[in-house]
Amino acid sequence: MIVAPDRTPLPRDFFDRPVLEVAPDLLGRILVRNTPDGPIELRLTEVEAYEGEADPGSHAYRGRTARNSVMFGPPGYVYVYFTYGMWHCMNLVCGPEGKAGAVLLRAGEITEGAELTRERRLSARNDKELAKGPARLATALDVDRRLDGADVCAGTDAPLTVLTGAPTDPSQVRTGPRTGVGGEGSVHPWRFWTANDPTVSPYRAHSPRRRRT
DNA sequence: ACTAGGATGCCCT
DNA sequence: GGGCATCCTAGTA
């Protein structure tokens with residue numbers, strides 16, 4: 001039987017828990033992105049947890065900087081970073097203020113406003129690829145550094161909100177090492193995804209880049 | 001199917 | 001100046 005997703009925004013308390021508890025609980029939740037052209041909605045299918053200052057894979061590992069300062073603030077806010085010279089990736093800050101935990105939103109299914117995302121995702125060969133990967137997700141939702149620090153608990157008129165949705169049953173949650181994270185940061189199974197979901201991105205191990213000439 | 005390499009700019013040492 | 005929580009295209013098969 002089909003259960004309609006719950007459209008109540010998640011309260012700040014939801015994010016004020018250890019990041020490893022919040023991350024799997026985000027699967028199946030609905031991210032609403034209000035754009036000038038209309039709303040886009042995405043059902044989360046893949047995330048990764050970043051623990052903060054004690055985590056070598058985290059941007060917070062070397063302490064607070066201008067770029068990552070939102071991670072050190074209160075939970076329920078968005079941390080957006082720019083990488084590889086052209087992409088943005090989006091995180092939700094979790095845990096108590098000062099802990100710098102965050103969940104990277106890696107993939108999802110566009111459930112509303114797909115026509116608005118296709119204009120920005122011209123290389124997508126089908127709708128499953130619209131948000132299959134963290135930079136693709138941010139591109140589809142038109143998320144960049146302007147949204148760094150946005151509050152996802154401020155209500156459904158805000159630029160970004162997370163709704164209760166229909167959380168993925170724990171028996172359907174899969175875990176594995178984080179994509180693109182090497183060294184000591186790769187030992188933990190801190191990537192979470194929904195089993196057998198075609199919008200989940202392929203795993204890629206970390207590979208050091210060779211220097212260009 | 002899978003692999004390799006280039007794109008491109010900001011952050012931090 | 002090295003590295004980056006990535007994506008895309010072209011190549012081989």
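In this text the structure is predicted, and so the values were computed from the model without any measurement. All heavy atoms count here, side chains included; hydrogens, waters and symmetry mates do not. Lettering follows sequence order; numbering is per chain, from 1.
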Wobble G-U and Watson-Crick pairs count when both distances are under 3.5 Å; given that, what is the 5' to 3' dot-bracket string of DNA chain B, with | for pairing to other strands? |||||||.||||.
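If you take CD of Glu51(A) and C1' of dA5(C), they are 15 Å apart, rounded to a whole angstrom. The nearest whole Å value for the distance from the NE2 atom in His188(A) to the C1' atom in dA5(C) is 16 Å. As a whole-Å value, the separation of Asp55(A) CG from dA5(C) P is 11 Å. Spacing between atom CG of Leu122(A) and atom C1' of dC7(C) amounts to 14 Å, rounded to whole angstrom units. As rounded to whole Å, 12 Å separates atom C1' of dA5(C) from atom OH of Tyr203(A). In this structure, CG of Asn91(A) is placed 14 Å from C1' of dT6(C), rounded to the nearest angstrom. For the pair Glu48(A) CD and dT6(C) C1', the interatomic distance rounds to 12 Å; values are reported in whole Å. Look at CE on Met86(A): it is 14 Å from P on dA5(C), rounded to the nearest Å.
Here Trp87(A) does not lie in a stacked arrangement on the base of dT6(C), lacking the combination of planes under 30° and ring centres under 5.5 Å apart. In this structure, the aromatic ring of Tyr50(A) is positioned over the six-membered ring of the base of dA5(C), centres within 5.5 Å and planes within 30°.
Using a 4.5 Å heavy-atom cutoff, the side chains of Pro9(A) and Thr161(A) are in contact. Looking at heavy atoms from C-beta onward, Leu130(A) lies in side-chain contact with Thr117(A) at the 4.5 angstrom threshold. With a 4.5 Å cut-off on side-chain heavy atoms, His88(A) and Thr139(A) do not count as touching. Side-chain atoms of Thr179(A) and Arg106(A), non-hydrogen and from C-beta on, do get closer than 4.5 Å to each other. The closest side-chain heavy-atom distance from Trp190(A) to Val47(A) is not below 4.5 Å.
At the heavy-atom level, Gly57(A) lies under 4.0 Å from base atoms of the strands shown. Among the atoms of the strands shown, only primed sugar atoms or phosphate atoms (P, OP1, OP2) are found under 4.0 Å from some heavy atom of Arg121(A).
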Polar-atom pairs under 3.5 Å, protein N or O versus N or O of nucleotides 10-13 of chain B: list them with distances, or write none.
from	atom 1	to	atom 2	distance (Å)
dC12(B)	OP1	Thr65(A)	OG1	2.5

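Cation-pi contact between Arg17(A) and Phe14(A): present, with separation from the ring centre below 6.0 Å and deviation from the ring axis of at most 45°. Note that Arg178(A) lies in the cation-pi zone of Tyr50(A), set by a 6.0 Å cut-off to the ring centre and a 45° limit from the axis.
A donor-acceptor contact closer than 3.5 angstrom links the side chains of Thr45(A) and Thr199(A). Under 3.5 Å, the side chains of Asp37(A) and Thr35(A) contain no donor-acceptor pair of N or O atoms.
Put simply, Ser123(A) has a side-chain N or O that comes within less than 4.0 Å of OP1 or OP2 on dC8(C). Between Arg136(A) and the phosphate of dC8(C), there is a side-chain N or O to OP1/OP2 separation shorter than 4.0 Å.
Between the side chain of Tyr84(A) and the base of dA7(B), no donor-acceptor pair of N or O atoms lies under 3.5 Å.
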Test log, rule salt bridge (charged side-chain N to carboxylate O under 4.0 Å, His left out), inputs Arg174(A) and Glu46(A): CA-CA 9 Å; Arg174(A) 299 290 178 267; Glu46(A) 183 190 355; over 6 Å; no
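Side-chain proximity of His206(A) to the nucleotides dT6(C), dA5(C), dC4(C) is greatest for dC4(C).
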